[in-house]
Asker: 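I am attaching a structure below and will ask some questions about it afterwards.
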There are 2 protein chains.
Amino acid sequence: MAYTANSLKAELNERGWRLTPQREVILNVFQNLAEGHHLSAEDLYNELQSQGDPISLSTIYRTVKLMARMGILRELEFAEGHKHYELNQPYPHHHHHLICVKCNKTIEFKSDSILKLGSKTSEKEGFHLLDCQLLIHAICPQCQRSLLPG
Amino acid sequence: MAYTANSLKAELNERGWRLTPQREVILNVFQNLAEGHHLSAEDLYNELQSQGDPISLSTIYRTVKLMARMGILRELEFAEGHKHYELNQPYPHHHHHLICVKCNKTIEFKSDSILKLGSKTSEKEGFHLLDCQLLIHAICPQCQRSLLPG
DNA sequence: AGAGTATTGTGTATTATTCTCAATAAGTGA
DNA sequence: TCACTTATTGAGAATAATACACAATACTCT
Ligand SMILES: [Mn+2]
Ligand SMILES: [Mn+2]
Ligand SMILES: [Zn+2]
Ligand SMILES: [Zn+2]
């Protein structure tokens, strides 16, 4: 069940917030993003720029944060010093990430048992689940061979 | 199997690196850290300061990064804008985190099935596993009640 | 349409983390 | 034990991601 402009508006208004063209366009970018892709704030800024919908960096930071807290986007912290975002999709699109801490190569994989564990755990503690992600930090085959320090 | 000064030295030297008093002291702080505690770089800086082993912030940042890449420490990114570190312990101490994205309340929980999945996945891709952590972003009971924006 | 207020864009501030570089000291082998 | 090589440290400056302040704008509701 993908978001439409209307369902997004409904969810925003319910909390006393507003639907703006910026928010709608930003959500669209994520909905059209190919599988396995993740955007940083700056990526998103450039993408919007080049598709002719320029939006200020401030608004971008505010919006992705807002949408992550609504559970619309998931916030991913790989090993690069800045956050990445992607659509927070339910089963069967929900997935996890295996990351090389040296070169940032990322592999996605699925697991519904983790998703179940995430729901069960947050429910048990009375938390409202937003996102559950297994993050595997590792070193890829190529970087294992390289003798470079660090 | 906790690290001793000697085993740490062996692992460092094996890679052409050196054991320094700073590295030894930093590892000790983490080994003496109570369960459920996590230190930011600044926390660690202050802790060392007050225990009479002052170490520069530069060295602290370099050391925790080094130890994370060696698999000695695990790097945790909660929702506060800076990293936290804790000892990377194997089963049965290995655990995961449920975090409130609004107030940062953190609850730890264990799961050996995730640990297995992490090993299996990285092995399958030929990666050398460093750490595997399930991160559950959620909103705690108290913050659900609060009507504050954000 | 108008009131009330959430949101935007611009510019600036903050702050975690990295970088630079000269001084120091760990490892190694004679 | 003593040099020799070079990894490491500490101090400070630099960087870069993100947050903030505020006046102008534009949603939403009546
Ligand atoms: Mn992904
Ligand atoms: Mn922990
Ligand atoms: Zn790699
Ligand atoms: Zn909370």
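Only this structure's heavy atoms are used, side chains among them; waters, hydrogens and symmetry mates stay out. To find a chain, count down the sequence lines: A is the first, B the second, and so on, and within it residues start at 1.
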Asker: Separation of B:K83 atom NZ from D:dA16 atom P, in whole Å?
Answerer: 15 Å
Asker: Report the distance from atom NE2 of A:H82 to atom P of D:dA19, rounded to the nearest whole Å.
Answerer: 14 Å
Asker: Measure from CG on B:L12 to P on C:dT28 and round the result to the nearest Å.
Answerer: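 Between P of C:dT28 and CG of B:L12: 12 Å.
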Asker: Quick check: closest heavy atoms across B:N104 and B:I99, and the distance to 0.1 Å?
Answerer: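 Reported closest heavy-atom pair: CA-CG2, 4.3 Å.
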Asker: I need the minimum non-hydrogen distance between B:L8 and B:E24, along with the two atoms involved.
Answerer: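 So the two residues come closest at CD2-CA, 4.4 Å.
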Asker: Do A:Q142 and A:C103 have side chains that get closer than 4.5 Å, going by heavy atoms?
Answerer: no
Asker: Can you tell me how far C1' of C:dA6 sits from CD of A:E11, to the nearest Å?
Answerer: 18 Å
Asker: Roughly how many Å is it from CD in A:E77 to P in D:dT18, rounded to a whole number?
Answerer: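 The distance from CD of A:E77 to P of D:dT18 comes to 8 Å, rounded to the nearest Å.
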Asker: Measuring from atom CD1 of A:I136 to atom NZ of B:K120, what distance do you get when rounded to the nearest 0.5 angstrom?
Answerer: 10.5 Å
Asker: Calculate the interatomic distance between B:E14 atom CD and C:dG27 atom C1'; express it in whole Å.
Answerer: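 Whole-Å distance recorded here is 15 Å.
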Asker: How many whole angstroms separate atom CD of B:E24 from atom C1' of D:dT8?
Answerer: 15 Å
Asker: If you take all heavy atoms of A:C100 and A:I139, which pair is closest and at what distance?
Answerer: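 What the structure gives for the nearest pair is SG-CA, 4.0 Å.
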Asker: Which residues, if any, of residues 45-65 of chain A bring a heavy atom under 4.0 Å of DNA chain D?
Answerer: A:S58, A:Y61, A:R62, A:K65
Asker: In chain order, what residues pass the ring pair (Phe, Tyr, Trp, His ring centres under 6.0 Å) check against A:H82, with sequence neighbours excluded?
Answerer: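 If we apply the ring pair (Phe, Tyr, Trp, His ring centres under 6.0 Å) test to A:H82, skipping adjacent residues, the hits are A:H84.
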Asker: Tell me, for nucleotides 23-30 of chain D in 5' to 3' order, what letter each nucleotide earns: B for a base near a protein heavy atom under 4.0 Å, S for only sugar-phosphate near one, - for neither?
Answerer: ---BBS--
Asker: If only side-chain N and O atoms count, and only distance matters, is there a donor-acceptor pair under 3.5 Å linking B:Q144 with A:H128?
Answerer: no
Asker: Check the angle between the aromatic planes of B:H97 and B:H38 and answer parallel, tilted or perpendicular using the 30° and 60° thresholds.
Answerer: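 Plane angle over 60°, so perpendicular.
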Asker: Taking the minimum atom-to-atom distance to the side chain of A:R23, which one of C:dT7, D:dT8, D:dT18 wins?
Answerer: C:dT7
Asker: For residues A:E35 and A:H93, determine if any side-chain heavy atom of one lies less than 4.5 Å from a side-chain heavy atom of the other.
Answerer: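 A side-chain contact exists here, since the closest heavy-atom pair is under 4.5 Å.
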Asker: How many whole angstroms separate atom CG of A:L76 from atom P of D:dA17?
Answerer: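 Roughly 17 Å, once rounded to whole Å.
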